[in-house]
Amino acid sequence: MVEAKSSSHRTRELALRVLSAAILIPFALFVVSIGGAPLALACALFGALMGYEWARMTASPVMPLMAFFCLLPSLAMLVVDWTVALALMGACALLTVLLHPARLPERLIGALGICYASGLPLSLYLLRDGDWNGQAAALIVMGTVWASDSGAYFAGRGFGGPPLSPKDSPSKTWSGALGAMLCSGLCGLIAAGLLDAPRLPWLFAGFCISFIAQWGDLFESSLKRRFGIKDTSGIVPGHGGVMDRVDGLGMACVMAVALLYAAGPLVDMLGLEVSR
């Protein structure tokens, strides 16, 4: 009886995940393909929701303020460049420290939340808006992270095995992590073919995207365990909160933006240069 209930629960969870994906993935593909104002507004909305979830997770007394501060950096991209948006994010984090009524440790946690909840969606916008083929870069990173998530889910369910991080996320397994890496490496090879770029750099890029996405997932799991919650909210059926859904993607976008800005030759190596 217990086994039957467990199987029914897993089936229901999978159905909810598929339903959520059927709504969120087309929306994400649409706004990222268009870019510009629609993407900035969508990133601002996700930033506000993630700010709310961070405040909820940490029991912050300044929840409305955090949600408002977290939408500003992405919203600012409508009228300013990325340096001003980052400066605004830093200013909002500082204001959170100054306005938070609790002790200094709680104030610093609030400031970290501003940088995390506003920085992840902002990084997706910057990846799409960069001085490279932003549409291709953003869509490839998104597709690779989704493939990584799917590979981890099905390989972990199918093969089981020892947990990847027993303390922070005992349900994630090493078999799931390897399945995620394999799926992401395959996505890298597909990206190389689509862009007519060398295969080896994209294969490595696929592995790196999966590694960072899984690390981002584990990082958020450690935060939730630290604050004693299972999900950051119930906004996304089957996944919990927005943060639970985009933690890995956001971290992968942060890595991609940082590398593409810092290592100019990487753009040409991956075939992401913009034709003049």
Side-chain angles (χ1 to χ4, degrees), residues 16 20 23-24 27-28 31 39-78 80 82 84-126 145 165 167-169 212-213 215-254 257:
L16 287 173
S20 297
I23 297 172
L24 291 176
F27 172 75
V31 295
L39 179 58
L41 293 173
C43 289
L45 173 61
F46 272 64
L49 291 173
M50 291 168 66
Y52 155 76
E53 291 177 344
W54 184 281
R56 180 179 181 272
M57 176 177 70
T58 60
S60 172
V62 290
M63 181 183 290
L65 187 67
M66 288 197 66
F68 174 69
F69 279 167
C70 287
L71 70 81
L72 291 179
S74 293
L75 194 62
M77 292 302 299
L78 292 170
V80 300
W82 65 272
V84 179
L86 289 180
L88 179 60
M89 181 172 67
C92 289
L94 178 59
L95 282 173
T96 301
V97 172
L98 296 175
L99 298 175
H100 202 294
R103 298 174 302 169
L104 182 60
E106 284 76 14
R107 296 183 182 193
L108 295 177
I109 289 172
L112 174 62
I114 295 295
C115 296
Y116 183 85
S118 65
L120 297 194
L122 177 62
S123 67
L124 174 60
Y125 183 91
L126 295 178
V145 171
S165 179
K167 180 180 177 182
D168 294 326
S169 189
I212 295 298
W215 179 85
D217 196 5
L218 288 174
F219 173 72
E220 196 200 325
S221 294
S222 70
L223 288 175
K224 291 188 291 186
R225 186 165 292 272
R226 159 71 172 77
F227 291 104
I229 65 169
K230 181 179 184 296
D231 297 317
T232 55
S233 73
I235 294 175
V236 185
H239 293 281
V242 174
M243 282 173 54
D244 301 314
R245 177 64 275 183
V246 304
D247 48 6
L249 174 61
M251 285 296 185
C253 289
V254 170
V257 169

S.K.: Report yes if the side chains of Cys92 and Leu72 come closer than 4.5 Å at any heavy-atom pair, otherwise no.
M.R.: yes

S.K.: Within a strict 4.5 Å, meaning less than it, do heavy atoms of the Leu122 and Leu86 side chains meet?
M.R.: yes

S.K.: Kindly say whether Ile109 contributes a backbone atom to a donor-acceptor pair with the side chain of Trp54 at under 3.5 angstrom?
M.R.: yes

S.K.: Contact between Leu39 and Met77 at the side-chain level, heavy atoms closer than 4.5 Å - yes or no?
M.R.: no

S.K.: Closest heavy-atom contact between Ile114 and Ala93?
M.R.: CG2-N, 3.8 Å

S.K.: What is the distance from atom CD1 of Ile23 to atom CZ of Phe27, rounded to the nearest 0.5 Å?
M.R.: 11.5 Å

S.K.: Verify, without hydrogens or angle tests, whether Arg107 (side chain) and Ala102 (backbone) share a donor-acceptor contact under 3.5 angstrom.
M.R.: yes

S.K.: So do the side chains of Leu104 and Leu108 get within less than 4.5 Å of each other, counting heavy atoms only?
M.R.: yes

S.K.: Grab the two heavy atoms, one from Thr96 and one from Gly110, that are nearest each other, plus how far apart they are.
M.R.: CG2-C, 3.8 Å

S.K.: Under 4.0 Å between a Lys/Arg side-chain N and an Asp/Glu carboxylate O for Arg56 and Glu53?
M.R.: no

S.K.: Any chance you could measure Ile235, atom CD1, to Met50, atom CE, to the nearest 0.5 Å?
M.R.: 11.0 Å

S.K.: Ignoring hydrogens and geometry, is there a side-chain-to-backbone donor-acceptor pair from Asp231 to Asp244 under 3.5 Å?
M.R.: no

S.K.: Atom OG in Ser118, atom CZ in Phe69: separation rounded to 0.5 Å?
M.R.: 11.0 Å

S.K.: Work out which heavy atom in Ala85 is nearest to a heavy atom in Val80; give both atom names and the distance.
M.R.: N-CG2, 4.2 Å

S.K.: A side-chain contact here means heavy atoms from C-beta on lying under 4.5 Å apart; do Leu71 and Leu45 qualify?
M.R.: no

S.K.: What pairs with Ser60 under side-chain contact (heavy atoms from CB on, under 4.5 Å), at least two apart in sequence or on another chain?
M.R.: Ala55, Thr58, Val62, Met66, His100

S.K.: Identify the two heavy atoms, one from Leu218 and one from Ser165, that lie closest to each other, and give their separation to 0.1 Å.
M.R.: CD2-CB, 3.9 Å

S.K.: Rounded at 0.5 Å granularity, tell me how far CG in Asp247 sits from CG in Leu120.
M.R.: 8.0 Å

S.K.: Ignoring hydrogens and geometry, is there a side-chain-to-backbone donor-acceptor pair from Lys224 to Ile229 under 3.5 Å?
M.R.: no

S.K.: Look at the aromatic rings of Phe219 and Tyr116 and report parallel, tilted or perpendicular, splitting at 30° and 60°.
M.R.: tilted

S.K.: Can you tell me how far apart CZ (Phe46) and CZ (Arg245) are? Round to the nearest 0.5 Å.
M.R.: 10.5 Å

S.K.: Between Met89 and Cys115, which heavy-atom pair has the shortest distance, and what is it?
M.R.: SD-O, 3.8 Å

S.K.: Do Thr232 and Glu220 come close enough that some side-chain heavy atom pair is under 4.5 Å?
M.R.: yes

S.K.: Show the nearest heavy-atom pair for residues Cys70 and Gly47, with the distance to one decimal.
M.R.: CB-O, 3.1 Å

S.K.: Once salt bridge (charged side-chain N to carboxylate O under 4.0 Å, His left out) is applied, do any residues pair with Asp217, and if so which ones, sequence neighbours excluded?
M.R.: Lys172

